[in-house]
Amino acid sequence: MAGARFARVIVRREGLRRPFPSDFAGRLEGRTLRALRRRGKYLLAELSSGETLLMHLGMSGSIRVDLDAGATRRGGDAGDVADRHDHVVFRMSSGAAVTFNDPRRFGVMDLVPRGQLARHPALGAIGPEPLGPDFDGGALARACTGKRTSLKAALLDQRVVAGLGNIYASEALHLAGVSPRRRASTMATPSGLPRPGAHRLAAAIKHVLQNAIAKASMPSYRSSRFRVYDREGERCRTRRCAGTIRRFSQSGRSTFYCPDCQR
DNA sequence: ATTGAGACCTGTCGGC
DNA sequence: TGCCGACAGGTCTCAA
C-alpha cells in the first residue's frame, strides 16, 4: 500500500465497534498512502492529506491482500470473492485490493486529523513499545508503582506497556516465574526502584514477543506451542518443574499459570 | 482516580 | 444430528 493511491474505497457496512468517521471513503479516495506504522495494536497509515488512517483488528479481524485484483477482477467491486464479513475494501492505484474482514466487529477504523494522533483516545495514554528502547525493568516498575491491581491485569493495561494481550501476558509471566496474582505495585520498592522480578518480567515480555513474531513469519509454522495459554491440566514445561497448569479468571479474562514455578 | 464487571457481536466447540 | 451454553486473542463504559 505504501506509495500507492486509494483509487476506490468500498464500505460494505457502516462501522465496526463504532461507526466509521464522516465521509470515510471520500477522505481516503485520491490520497496517497505515504507510510505504514504500528503503535501497540494499532496500525497507522499516514495519508498525503495529513490525516492518519487508524486501524485495529479487534479479536477476530484480518486483512487480506490481493496484489493483482485489477487484472483478475470480473466486474465485482470487491475484487475477489466477498465474504459476508468483508467490511471495507481498499482498491489501490497499484492494482492491489486490501480487504478488512472482521466477523466479530470488535475492530476499529478511524481517521485522525493532522497533529491529533497524540490526543486520540486510543493513543494518547498508551505506554512504551515493549521492543523499543524505552521499555525495561525500570519502566515497568515505574508504571506499576502504586497499582493495587494484579500484575496480570496491569500487563493488559495498554498504558503500562503497549501491545500485550491476554495470551502473551500469561506467557511472559510464566517465563519470568512471576505469579499473575501478585500485586502490580510489588514490581517496585517503596521508593520506586525496580525489584528483580521487574527486570525478569520486562525481559520475558521482550523474549515472548520476539519469539512470537519470529514464528509467525515462518510459513510452515502451524500450531503454536504456548508455555501455559490454553494448557489447563497439562504439565508445566519449565525444566525440573512437576507442576500442572491452572486456569482462573482475572477481571473477566482467563489466566493460565503454573502454581509451582510462578511466585 | 482506580478497579472490576458487563457490554459489544459472531463463531466455534463440547456436552447432552 | 441438533440444540444450547460457555467461551474466545480487545476495549469501552459505567458504577462502586
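Labels below follow one simple rule: chain letters A, B, ... track the order of the sequence lines, proteins then strands, and each chain is numbered from 1.
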- Item | Short side-chain N/O contact to B/dG11 OP1/OP2 from A/R84, under 4.0 Å | yes
- Task: For B/dA5 and C/dC7, measure between their P atoms and round to the nearest Å.
- Result: 14 Å
- Task: Determine, using ring centers only, whether A/Y42 and A/H56 are less than 6.0 Å apart.
- Result: yes
- Message: Testing the 3.5 Å rule here: is there a donor-acceptor pair between the side chains of A/K152 and A/T255?
- Response: yes
- Do A/Y257 and A/F248 make the cut of ring centroids closer than 6.0 angstrom? yes
- Message: By the 4.0 Å heavy-atom rule, please label A/Q158 as base, sugar-phosphate, or nothing.
- Response: sugar-phosphate
- Please determine, by modelled atom types, if A/S179 and A/Q262 share a side-chain donor-acceptor pair under 3.5 angstrom. no
- Message: Between B/dC9 and A/R104, counting only base atoms on the nucleotide and side-chain atoms on the residue, is there a donor-acceptor pair under 3.5 Å?
- Response: yes
- Query: Which part of the nucleic acid, if any, lies within contact of A/Y168, taking any heavy atom under 4.0 Å across all strands shown: a base, the sugar-phosphate backbone alone, or nothing?
  - Reply: nothing
- Which whole-number value in Å describes the distance from A/R13 CZ to B/dT10 P? 6 Å
- Using a cut-off of strictly less than 4.0 Å, decide whether A/H85 has a side-chain nitrogen or oxygen near OP1 or OP2 of B/dG11. yes
- Message: Categorize A/R253 for me: base, sugar-phosphate, or nothing, with a 4.0 angstrom heavy-atom threshold over every strand shown.
- Response: base
- Item | Between B/dT12 (C1') and A/D230 (CG): distance, integer Å | 13 Å
- Say you pick atom P in B/dG14 and the same atom in C/dG9; how far apart are they, in whole Å? 16 Å
- Side chains of A/R12 and A/H87: is there a donor and an acceptor less than 3.5 Å apart? no
- Query: Would A/D86 and A/R64 pass as an ion pair if we require N to O under 4.0 Å?
  - Reply: yes
- May I ask you to decide whether A/R27 forms a salt bridge with A/E51, counting only side-chain N to carboxylate O separations under 4.0 Å? yes
- Item | Rounded interatomic separation in angstrom, taking CD from A/E232 and C1' from B/dG14 | 14 Å
- Rounded to the nearest angstrom, tell me the gap between atom CZ in A/F106 and atom P in B/dT10. 9 Å
- Tell me, please, the opening and closing nucleotides of DNA chain C, 5' to 3', among those with an atom under 4.0 angstrom from a non-hydrogen atom of chain A. C/dC7 to C/dT13
- Message: At 4.0 Å (heavy atoms only), tell me whether A/R159 reaches a base, stays on the sugar-phosphate, or touches nothing.
- Response: nothing
- Message: Is there a side-chain contact between A/L131 and A/Q210 in this structure, where contact means two heavy atoms from C-beta onward sitting under 4.5 Å apart?
- Response: yes
- Query: B/dA5 P sits how many Å from A/Q250 CD, rounded?
  - Reply: 10 Å
- Could you give the distance separating B/dG6 and C/dA6 at their P atoms, to the nearest angstrom? 14 Å
- Protein-nucleotide distance (A/L155, atom CG; B/dT3, atom P), rounded to Å: 13 Å
- Closest-nucleotide 5' rank along DNA chain C - winner of A/F256 and A/H56: A/F256
- Using whole Å, report how far NZ of A/K147 lies from P of B/dT2. 7 Å
- Query: Looking for any heavy atom pair under 4.0 Å, which part of the strands does A/S254 touch: base, sugar-phosphate only, or nothing?
  - Reply: sugar-phosphate
- Task: Let me know the distance between CG of A/D102 and C1' of B/dC8, rounded to the nearest Å.
- Result: 12 Å
- Which heavy atom of A/V208 sits nearest a heavy atom of A/Y168, and at what distance? CG1-CD2, 3.3 Å
- Is a side-chain donor-acceptor pair under 3.5 Å present for A/S60 with A/D102? yes
- Which range-with-range stems can be found for DNA chain B when each stem has 3 or more Watson-Crick or G-U pairs in a row and both distances sit under 3.5 Å? B:2-8 with C:10-16, B:10-16 with C:2-8
